[in-house]
Amino acid sequence: MTIKIKINDQPLEVPEGINILEAALGNQIPLEHFCYHRYLPVAGNCRTCMVELEGPRGRALTIACNTKVTEGMVIYTNSPGAQTAQKSALEFLLLDHPLDCPICDKAGECKLQDNYMKYGLYDSERMVPRYFKGGKDLSIGEHIILDQERCVLCTRCIRFVDEVTETSELGIIHRGHESTLTTFPGKALDNAYSGNTTDICPVGALTLKEFRFKQRVWFLKKTESICTKCARGCNLWIEQNRETVFRLMPRENPEINRTWICNEGRMSFNEINDHRIVKSQLYGQVDDLGSMVEKIQNILEGVEKEKILGIASPWATLEDNFILRKLFKNRWNLDHLVSLLPPLGESDSILRLPQKYPNGVGLQVLEIPELSKSIIEKLNDRHFEVLLVMENEFWQFASLELQQSLFTIKHIIVLTTHQSDVFQKIEAVFPVRAFAEKYGTLINAMGYLQKINPAINSYPEIVESSIFIARLAQKMKIPGFEFETPVEVFNALSQEQSIFPKIRFHQIPSHGLFIPLDTNGVAPAPFSGHQKVDNVFVRGHQFK
Amino acid sequence: MQFEPQLTKRFNIENSYTLNVALQHGAYASLPKLFSKKPEEVIEEIKISGLKGRGGAGFPCGMKWSFIPKNSTKPIYLVVNGDEGEPGTFSDRAILSKDPHLLLEGVIAAAYAIQAHVAYIYVRGEFFREIQILNQAVEEAKNSGYLGSKIQGSDFQLEVFIHQGAGAYICGEETGLLESLEGKKGQPRIKPPFPAIQGLFGCPTIVNNVKTLSSVPWIIANGGAAYAAIGTKDSTGTHIFGLSGHVQNGGYWELPFGMPMLEFIETYGRGVKNGKLKAVIPGGSSTPVLTAQECEDLTLSYESMAKHGTFLGTGGAIVINDQTDMPQILKNLTHFYAHESCGQCTPCREGTAWENRLLQKIIQGEATARELDLMVEIAGNMEGKTICALAAACAMPVRSFIKKFRGEFEKYLKPSGVTVGIQL
Amino acid sequence: MSVVFKKEVLDEFEIIANRYPTRRAALLPALWLAQREFGYLSLEVLDYIAQIVKISPVQVYEVAEFYTLFHKKPVGKYHLQVCRTISCALNGALDIQRAIEAHLHTKPGEITHDKLFSYELVECLASCHTAPCMRINEDYYENLSPEKVNEILNQLVKENNQNAI
Ligand SMILES: Cc1cc2nc3c(=O)[nH]c(=O)nc-3n(C[C@H](O)[C@H](O)[C@H](O)COP(=O)(O)O)c2cc1C
Ligand code: SF4
Ligand code: SF4
Ligand code: SF4
Ligand code: FES
Ligand code: FES
């Protein structure tokens, strides 16, 4: 249901139940908002979003964020009355703000800084000395620094810990001008989602330790991606400069993660930069790629059809697993392609799911089963001569017993992204691109097909698992592997797998494509028990 | 003035706060009549009476009660506002300590009208002794069948609890009060939703002032029309008016609406103390100040106050003599509002303190006319732009003081152009 | 001394808590009880109250810091709250403050060395018609003058000494 309204004399049709602020933002009409957050209850305290409404007794001021549109409503965001109210609210906010932008990590994406040039008061206009509340550089949690002086008391962070995590570590003490954001003395802001408070803080009052003084935000380039740390597949921005990823930021997706991510996902940016393997290794020693590939080709060409075991990966993309599967199907015994899954991890009713990998559902869709009893029996019988492992660091989680039987296989070939000690035991290790470096698709636990995109290209010489395998297959003269990029692989697989609509990679929307799947692929919806927020908004308009 | 006291009739009787004495002097006499009416008839009677809220906003009481949704599936609450914190106001405290049973009788009537079965009386934390008296009154009323189930043989049931505040003027604002009752900071709520729909614990709630509810028993007993015949056309009934500040005899007196302000000051306050009349803040510190001259044709009524650009407010007038320095008095008030701002809305949190700081600078002789003009501008940017009326309550004195007594402020000023700000 | 309510106080609290549909609504009453029992609300006390009201400590901290009648630090045996607001100011509140400060040698917010008196300035006490006024502990003292203040303070010292004997 839509209704008709007018903003600044412009006739608009907007969804019923929407508030004026969302109606304006959704139609590219700018309107400042400090305290409003689409996924938190309305607080209405900053008073920067004031608009005028035409009424029977003339125009009246109101806040846009707490006023739902009604049929025929006439709204002004730019009338003199509205503008004075908006401007004065900003003036008030800037009154005693320390303005330490040169040393503030928020600089460049701070709502106050944006307005300072327009509305900041010079000392001569303020007419009284600046009042400093103090309280800078307070470590209030494992990841969080608080600057009380910069806080504009919008309560976004408080509403987040009250309503989303329900951990309530933050509050405001004292009254009036002395109001100060704080934790309980001696108690930390340490919940699994605490990093989000630094995103929603409209100023530099809450900042992330891991990002402090690391990089100015205006140098960062952003790429749309997906978190790979659990099956929720939260939507991310990868933010990098000169091939170094400085941070992962949540990317709004109303159905999957709203504007939140968990700390584990957020901190996984370190893995993108650290301990990468970039050269092929023979029993742990760097060796020439060309000769190693030749050697492996010989092994693979020589092995008996039944004697090769493949391990696919819930961390790899659909494309990677698809190509591996195709090779097994065309050349060896498809029954001998399995996956190894790590044990279930921590989960909650917010976002985190126990499956600590992003593409378990993708494996189900490709019908790649988990390691079965019969395979284990064959392993124990020393049946296999070759083990081909793709992006599956089973040595991190598999039982020692299983690891032992796997390591008894004569020829072990591993495609992987990160360094490990076990490489000494492995005949051939080939580096492949990690998720921040490649195109690909993943299916999250709710059944959304989602895209990842290359944010960095640190190692142009290495390729994706799918392409590595495709090239190997081509070398082995197996037909049907003429792929140069994962995008081509996806376009082929979407034709082949009946479950997908026949679409091409670039047609997958950036917020994912819902694929109706059997229930065993579908996890509980996020935010169960979080019905308190029901703001309606214009789809497609990203909330920042 | 000849009239029948309604609110203060038992004030001068010894031990009037005990049930026995109160009963001997007519307490709870309106109940049979109350229970003979349907709840909607009670609301209608209050509407006819023209009774307005005495807490400061003057909202028609009967109309407010009628906002409670019919057939609510949630419980309905009645909350009594006994937070009395507006400077210049002190008569609720008198009712609480001298005639708590009058209030309870009004509470029963109001609860019956809106069909509430639980009422909370929120009392200012400082009123420790009053709370003791009130608790005893509730206990006695309960033991004698005036509270509890089947009140006086009717089917009506009501529990009353006393809730002690803890020192915050803002808890007088009705939604701040509800937050406080729920165990939070007394920070007013954004509206909508309004309390009548979603109030205490998310349920339909009516908040009324102590004096408003204490006016109800007389209306039930004598009828709305009889009440409407008292006072003036738009200000019906009686009210407890207060006088403080520079008067010989500070105090409170129940009067029908309509008495001239100057007569009130002369007759009851026995005239201005230590000087001549300069100004009156007519209805608690938040209402715009009036000059002596403006008071000449001012009467104690909603409409006369409105005509003079001010408000009846709480009915507690503060008298100021001609020996008084108005900037100092305004600074006393801006300090009050800066101290009491709950701190959530930007304009109020920053504005109240900014006004106070500017005024301090003016009084120290360090300011020019620009500071004075800035004060007026800030007041404009606060009023009507916040969640509750506290920002306006600060802005109104600032504007009216500076407008009406500008000369006194200017005496403190340096010639303009002397202060040179440091550019950032 | 670890801060926990005695059994009787805990029972008293539970009776009060039953008056409200949410447990949190009993927070102000709980803090009043705690102040009565422990004299003032230390962080340790606040943490304990959070446990019995079943909310987070910072939510108790916020509330304790919001309301002026809750003492966050120790107060004297006699705690003076002197009104500074308009009607009292018009009637000599400043003289009252001076008299107190001279008599006790304290400034607002301080406590005397013998811990007998503490003194603070407060806003309107709703006794404007009997200005200037103050509260000492739970009682109002009205129509004050500097002489009357001295009398009251002397009387309290005497009362205290007598109790000590
Ligand atoms: C800042 C502020 C303080 C208030 N303080 C009180 C108060 O102490 N007592 C009171 O009855 N109403 C007070 N009010 C008015 C209440 O919000 C509300 O209008 C009143 O309790 C409604 O009752 P009534 O209709 O019976 O007057 C205050 C309002 C504001 C904005
Ligand atoms: S710390 Fe940031 S998010 Fe929290 S209240 Fe302050 S400004 Fe708002
Ligand atoms: S919940 Fe899962 S997908 Fe989302 S950020 Fe955390 S680990 Fe990543
Ligand atoms: S106007 Fe002032 S007191 Fe009222 S809600 Fe806003 S900040 Fe609080
Ligand atoms: S965004 Fe509307 S009041 Fe803050
Ligand atoms: S001003 Fe002091 S009691 Fe009201």
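To find a chain, count down the sequence lines: A is the first, B the second, and so on, and within it residues start at 1. Here the structure is a predicted model, which means the values were calculated and not measured.
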Check whether the side chains of A:Y39 and A:E163 place a donor and an acceptor atom closer than 3.5 Å, and report yes or no. no
Examine whether an atom of [X] lies under 4.5 Å from a heavy atom of chain B, and if so say whether it belongs to the side chain, the backbone or both; otherwise answer neither.
X      : value
A:V152 : backbone
A:A43  : backbone
A:Y131 : both

How close do A:C101 and A:Q113 get, heavy atom to heavy atom, and via which atoms?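 Reported closest heavy-atom pair: CB-NE2, 3.6 Å.
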Taking [Y]'s backbone N and O only, do any of them form a donor-acceptor pair with [X]'s side chain (distance below 3.5 Å, no angle check)?
X      : Y      : value
B:E86  : B:S285 : yes
A:Q148 : A:L181 : yes
A:K6   : A:Y76  : no
A:K136 : A:E149 : no

Is it the backbone or the side chain of [X] that comes under 4.5 Å from a heavy atom of chain A, or both, or neither?
X      : result
B:L374 : side chain
B:K185 : side chain
B:E340 : both
B:I170 : neither

Using a cut-off of under 4.5 Å for heavy-atom pairs, which of A:L61, A:L153, A:N66, A:T62 has the most such pairs with chain B?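 Result: the option with the highest number of such pairs is A:N66.
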Which one of A:T84, A:L90, A:D96 has the most heavy-atom pairs closer than 4.5 Å to chain B?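 So the answer, after comparing A:T84, A:L90, A:D96, is A:D96.
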Going through the checks in order, is the side-chain hydrogen bond (donor to acceptor under 3.5 Å, both in side chains) test met by A:N8 and A:T77? CA-CA 6 Å; A:N8 304 339; A:T77 66; 2.8 Å; yes
Suppose a student defines contact as a heavy atom less than 4.5 Å from any heavy atom of chain B. Which residues in residues 168-177 of chain A would they list? A:I172, A:R175, A:G176, A:H177
Which of the residues [options] is involved in the greatest number of heavy-atom pairs with chain A at under 4.5 angstrom?
options                        : result
B:P192, B:A338, B:C348, B:G384 : B:P192
B:P347, B:A353, B:G343         : B:P347
B:C345, B:G380, B:A168         : B:C345

Please check if the distance between the ring centroids of A:F543 and A:H33 is under 6.0 Å.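 Yes, the ring of A:F543 comes within the 6.0 Å limit of the ring of A:H33, centre to centre.
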Below 30° counts as parallel, above 60° as perpendicular, anything between as tilted: where do the rings of B:Y122 and B:H163 land?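 Because their plane-to-plane angle is under 30°, the rings of B:Y122 and B:H163 count as parallel.
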Working to the nearest 0.5 Å, report the span between CZ of A:R156 and CG of A:L206.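 Going from the CZ atom of A:R156 to the CG atom of A:L206 covers 11.5 Å.
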Are A:N19 and A:F537 close enough that some pair of their side-chain heavy atoms sits under 4.5 Å apart? no
Are there more than 12 heavy atoms of other residues, nucleotides or ligands under 6.0 Å from atom NZ of B:K404? yes
